[in-house]
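Quick caveat: nothing in here was measured; it's all calculated off a predicted structure. Heavy-atom basis, side chains included; hydrogens, waters and symmetry copies ignored. Order of appearance sets the numbers: ligands from 1, and atoms from 1 within every ligand.
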Amino acid sequence: MKKLLDMLTEEMQSAFEAAGYDKTLGRVTISNRPDLCEYQCNGAMAGAKQYKKAPIMIANEVADKLKDSKVFGDVQAVTPGFLNLKITESFLTEYIKGMRGDAKFGLDMPERPKKVMVDYGGANVAKPLHVGHIRSAVIGESIKRIYRYAGHEAIGDVHLGDWGLQMGLVITGVQDRQPDLVYFDESFEGEYPKEAPFTISELEEIYPAASAKSKEDPQYKARAMEATFKLQSGVRGYRALWKHILDVSVTDLKKNYGSLNVEFDLWKGESDVHDLIPDMVKYMKEEGYAYISDGALVVDVKEETDTKEVPPCMILKSDGASLYNTTDLATIMERMKLYAPDELIYLTDKRQDLYFDQVFRCARKTKLVTEDTKLLWIGFGTMNGKDGKPFKTRDGGVMRLENLISETREEMYRKILEGRDMPEEEAKQVADMVAISALKYGDLSNQASKDYVFDIERFTSFEGDTGPYILYTIVRIKSILAKYVEQGGKVAEAALKEAVNDSEKALMMQLAQFNAMMQAACDEAAPHKICAYIYDLANAFNHFYHETKILTEEDEEKKAGWIALLALTRDILETCIDVLGFSAPERM
Ligand code: ARG
């Protein structure tokens with residue numbers, strides 16, 4: 001379906017043309033003075049210079065051409081030359097009917113769908129997820145869903161940190177605790193045990209201890225590097241032990257991401273491209289892109305227009321070891337080969353700014369991607385505590401994501417039980433759902449690049465710009481619809497009618513923005529636009545609801561019209577929260 005504002009603009013453009021003016025002056029926007037009008041056009045102001053005429057004269061002539069418009073019911077030319085507009089009820093109602101009959105509520109599907117890969121999550125094997133991981137997971141999941149909803153193919157990849165020194169450290173830590181494990185016996189030729197020799201909680205103790213020790217003890221670090229080398233060169237026992245580390249860790253990660261409704265299509269990692277590195281390096285050397293500088297292999301990526309220093313992209317260290325860059329570049333190569341995506345999107349902390357600049361430039365320069373492959377890096381800000389510093393536990397430590405989720409669930413459970421008569425089991429389930437909405441909405445409603453303050457009180461409130469408020473609104477609509485059905489009504493058969501009051505019309509106008517909003521959220525990879533939209537929509541609905549006695553209305557047609565409007569509002573709200581990555585309970 002065409003976007004409503006485009007249709008209004010077309011109508012206005014014809015009026016400018018009919019009055020003898022350049023039609024491009026007829027752009028219509030949503031009114032920034034809703035007390036005066038619904039939409040506005042400032043084209044007469046812009047045209048004044050061009051036509052050497054007072055803007056109000058142009059505005060009057062254009063208004064005159066719109067006297068019999070079926071689109072604009074009220075057109076006022078006001079000094080100095082604005083056109084204040086109201087849309088007709090009939091035009092708006094037809095538009096809303098069209099939305100209701102469309103599977104995507106009026107959002108057109110792309111002529112040529114894109115294939116997009118979203119690299120998000122940022123998890124590292126053997127390290128627990130902490131609060132720093134929430135943003136990548138939550139924003140990335142939503143962007144993936146937005147693309148899908150908008151008709152594109154989106155593939156999510158967690159791109160695990162599962163290679164390099166961190167793995168050597170874990171292996172060394174395991175060896176210290178259990179030196180007799182068969183994995184360390186290089187003469188062993190039999191089959192390795194199926195059971196991992198550690199649990200996830202042991203793993204999570206091993207890594208930080210080993211990492212701390214390697215910083216103090218150079219000999220220990222040398223052992224860890226040796227273990228890394230053995231792992232990477234394929235020593236059987238090391239590979240088998242590493243596989244256990246990976247499996248135990250991934251099982252735990254899946255559980256944690258799962259509790260946030262975050263799902264990846266691919267659980268690939270840095271290790272997956274290990275074998276591609278030699279060929280990539282060879283290619284970069286042969287084509288003359290890479291050269292040796294101070295012993296390391298690098299590719300220059302600076303550009304003439306740079307205002308800051310962009311150092312070369314390092315491909316191999318002087319000891320021949322690969323780096324974070326190397327695996328990322330090899331992953332780009334692999335993704336292009338296996339999936340041929342049109343677009344690659346990465347989500348990381350905004351401190352990786354320069355890093356991604358280098359990697360993208362290097363990928364382009366060395367032609368690992370095609371000329372029109374889009375590379376998009378989305379750097380997000382920090383989740384802070386109320387003190388404005390990165391969020392910490394009460395005793396100043398790094399908060400595990402798991403604990404953040406459970407604390408939010410508990411807080412929500414307490415609030416749900418307050419003043420509600422609900423069986424304990426149901427209250428728990430509802431609290432879990434609402435808690436996820438609180439966390440995710442609290443994050444997604446901020447523009448990704450900005451820092452935000454995690455405020456559990458505010459996020460879990462049923463009032464204001466919060467996830468629970470949105471869910472509460474959805475549940476309220478569901479309950480009215482359920483009562484209508486109890487009264488014998490049929491929601492699917494209810495026919496929309498023209499608005500009878502301002503709050504109803506305002507709700508319709510807000511609904512009509514859906515396709516334009518979703519398109520913008522996709523084009524700009526911006527979930528916060530969806531949050532802003534549903535907050536306004538929920539407000540518009542609640543305003544209407546407080547002014548209208550729906551279920552006791554005696555005029556059945558009128559009642560049915562409202563029910564149809566409610567059903568559409570519910571559908572759009574639920575579609576939006578699904579795209580944001582959470583869902584609403586039946587009651588709360
Ligand atoms: N594991 C990385 C980290 O902890 C984040 C990975 C982001 N994705 C990427 N392709 N580099 O910083």
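Ring geometry for Y355 versus Y324: interplanar angle under 30°, hence parallel rather than tilted (30 to 60°). Aromatic ring orientation, Y183 versus Y192: parallel (interplanar angle below 30°, classes split at 30° and 60°).
Scanning the protein heavy atoms around atom 12 (O) of ligand 1, the nearest turns out to be Q352 NE2, 3.2 Å. With hydrogens left out, the protein atom closest to atom 8 (N) of ligand 1 is D119 OD1, 3.0 Å, a heavy atom.
In this structure, E410 has no side-chain hydrogen bond (donor to acceptor under 3.5 Å, both in side chains) partners at least two apart in sequence or on a different chain. By the ring pair (Phe, Tyr, Trp, His ring centres under 6.0 Å) test, F582 is found to be paired with no residue, residues two or more places apart in sequence or in another chain being considered.
Counting the atoms of ligand 1 from 1 in the order shown, those under 4.0 Å from a heavy atom of H159 are 8 (N), 9 (C), 10 (N). Ligand-side atoms of ligand 1 in range of T348: 7 (C), range being under 4.0 angstrom from any heavy atom.
Residue contacts with ligand 1 leave out Y120, since none of its heavy atoms falls under 4.0 Å from the ligand.
Taking each of T331, V125, D328, V359 in turn, the one with a heavy atom nearest to atom 9 (C) of ligand 1 proves to be D328. Closest heavy-atom approach to atom 7 (C) of ligand 1 among the candidates Y346, Y324, W377: Y324.
Counting non-hydrogen atoms of neighbouring residues, nucleotides and ligands closer than 6.0 angstrom, the CZ atom of F229 reaches no more than 12 such neighbours.
Under 4.0 Å from ligand 1, the heavy atoms of N124 that appear belong solely to its side chain.
By the 4.5 Å heavy-atom criterion applied to side chains, C362 and I315 are counted as neighbours.
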